[in-house]
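Below: one structure, written as structure tokens.
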Amino acid sequence: MHLTVNGEIYDNLIENMTMQDLLDYLKLPANKIAIERNREIVSKSSFNTAILNDGDIIEIIHFIGGG
Amino acid sequence: MKNYIKSDDTLKLGSYEFNSRLIIGTGKYIDYKQNSDALDASGAEMVTVAVRRVNVSNPNKPMLVDFIDPKKTIYLPNTAGCFTGEDAVRTLRLAKEAGGWNLVKLEVLSDPKHLYPDMEETLRAADLLIKDGFEVMVYCSDDPVFAKKLETMGCVAIMPLGAPIGSGLGIQNKVNIRLIVEQSKVPVIVDAGVGTASDATIAMELGCDGVLMNTAIADAKNPIRMALAMKHAVIAGRESYLAGRMPMKKYADPSSPLAGLI
């Protein structure tokens, strides 16, 4: 399975990964980020159940300094 | 010493209430630690933040939330970098999912040279966000006509610029800021243009309800000290406004009585 995460391509990922599996793989803390899949927000409560599909476009955001 | 300052003089923004009338940014600091120290010195209870992609190749990079606790300080997510209403809605929906706040700062910019708000697109974006249930604090030009339109639409705070973002030029058009203050029933917050403490005081003396600043603190030689100066400047300006200044006179008026001289 392949995904695009924040504009970068990830190949050879295992099938049927959940959103939480992806965060674990990327070593990102779920409580500090928000995720969009194919332009739809994925709620934090569904990270453990949302199964990723081949070709999904994922955006993972957080807060940074700004004015 | 008896405290004569009214303690119920709070700033209400949407469904939130603040004791401090200073809102500070979190950009341009040397690091998040300095930013956090400046926040402590400023007494601000809310900070503006930007929404950006996580660096997936370096998950150990310091995160803002590790230095400024979102449980103690309200995060005001902005839409910097958005040029359309749709981009702004998308960004703030993600921000809401990341942090849970409903209060947002809308800014739709135009030309990078002056960073003036694109008011046509700002009005459109404000409408989309309000319909989406957000409480919108809106960065806008110092035009009383646009300010009124944004208020009528339901924005919870009108935030005219004092001068171009990051310029530090101070309040350029006091007449317009005053006109906006007089006509507005929602809080008016000068956003952008403050360079030094007296600029913040001038904004507050004009009757503004608060001041939002980033570069004036972050780019000061000593940001922590400037943050403290801004805290006092905003309080001084607010108290001065509430106190009501003396009338200006053309000639001198002695403070010591002339009668009874020896």
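Hydrogens, waters and symmetry mates play no part in the numbers below; they use all other heavy atoms, side chains included.
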Q: Among A/Glu36, A/Glu8, A/Lys44, single out the residue with the greatest number of heavy-atom pairs under 4.5 Å to chain B.
A: A/Glu36
Among [options], residue most engaged with chain A (heavy-atom pairs, under 4.5 Å):
| options | answer |
| --- | --- |
| B/Val47, B/Ile165, B/Val54, B/Asn55 | B/Val54 |
| B/Pro59, B/Ala80, B/Pro77, B/Gly25 | B/Pro59 |
| B/Pro70, B/Pro62, B/Ala95 | B/Ala95 |
| B/Leu64, B/Asp191, B/Leu212, B/Leu76 | B/Leu64 |

Q: Please name the residue in the list B/Arg93, B/Arg53, B/Arg52 that meets the salt bridge (Lys or Arg N to Asp or Glu O under 4.0 Å) test with A/Glu59.
A: B/Arg53
Q) Stepwise, does the side chain to side chain contact (heavy atoms under 4.5 Å, CB included) test hold for B/Lys61 with A/His62? A) CA-CA 12 Å; B/Lys61 228 179 139 192; A/His62 67 154; over 6 Å; no
Interface moiety of [X] toward chain A, non-hydrogen atoms closer than 4.5 Å:
| X | value |
| --- | --- |
| B/Ala192 | neither |
| B/Val65 | side chain |
| B/Lys28 | neither |
| B/Tyr29 | neither |
| B/Tyr139 | neither |

Roughly how far, to the nearest 0.5 Å, is the [atom2] atom of [Y] from the [atom1] atom of [X]?
| X | Y | atom1 | atom2 | result |
| --- | --- | --- | --- | --- |
| A/Ile33 | B/Leu94 | CD1 | CG | 10.0 Å |
| A/Lys27 | B/Asn58 | NZ | CG | 11.5 Å |
| B/Ile68 | A/Phe63 | CD1 | CZ | 12.5 Å |
| B/Asp66 | A/Lys32 | CG | NZ | 3.5 Å |

(Q) Counting only heavy atoms not in A/Tyr25 (residues, nucleotides, ligands), do more than 12 fall under 6.0 Å from its OH? (A) no
(Q) Surrounding CD1 of A/Ile14 (heavy atoms of other residues, nucleotides or ligands, distance under 6.0 Å), is the total greater than 12? (A) yes
Q.
Treating B/Asn78 as the side-chain partner and A/Gly67 as the backbone partner, does any N or O pair qualify as donor plus acceptor under 3.5 Å?
A. yes
Q | B/Glu97 and its side chain to side chain contact (heavy atoms under 4.5 Å, CB included) partner, picked from A/Val42, A/Ile41, A/Ile61 | A | A/Ile41
Q: Work out which heavy atom in B/Ala50 is nearest to a heavy atom in A/Gly65; give both atom names and the distance.
A: CB-O, 3.9 Å
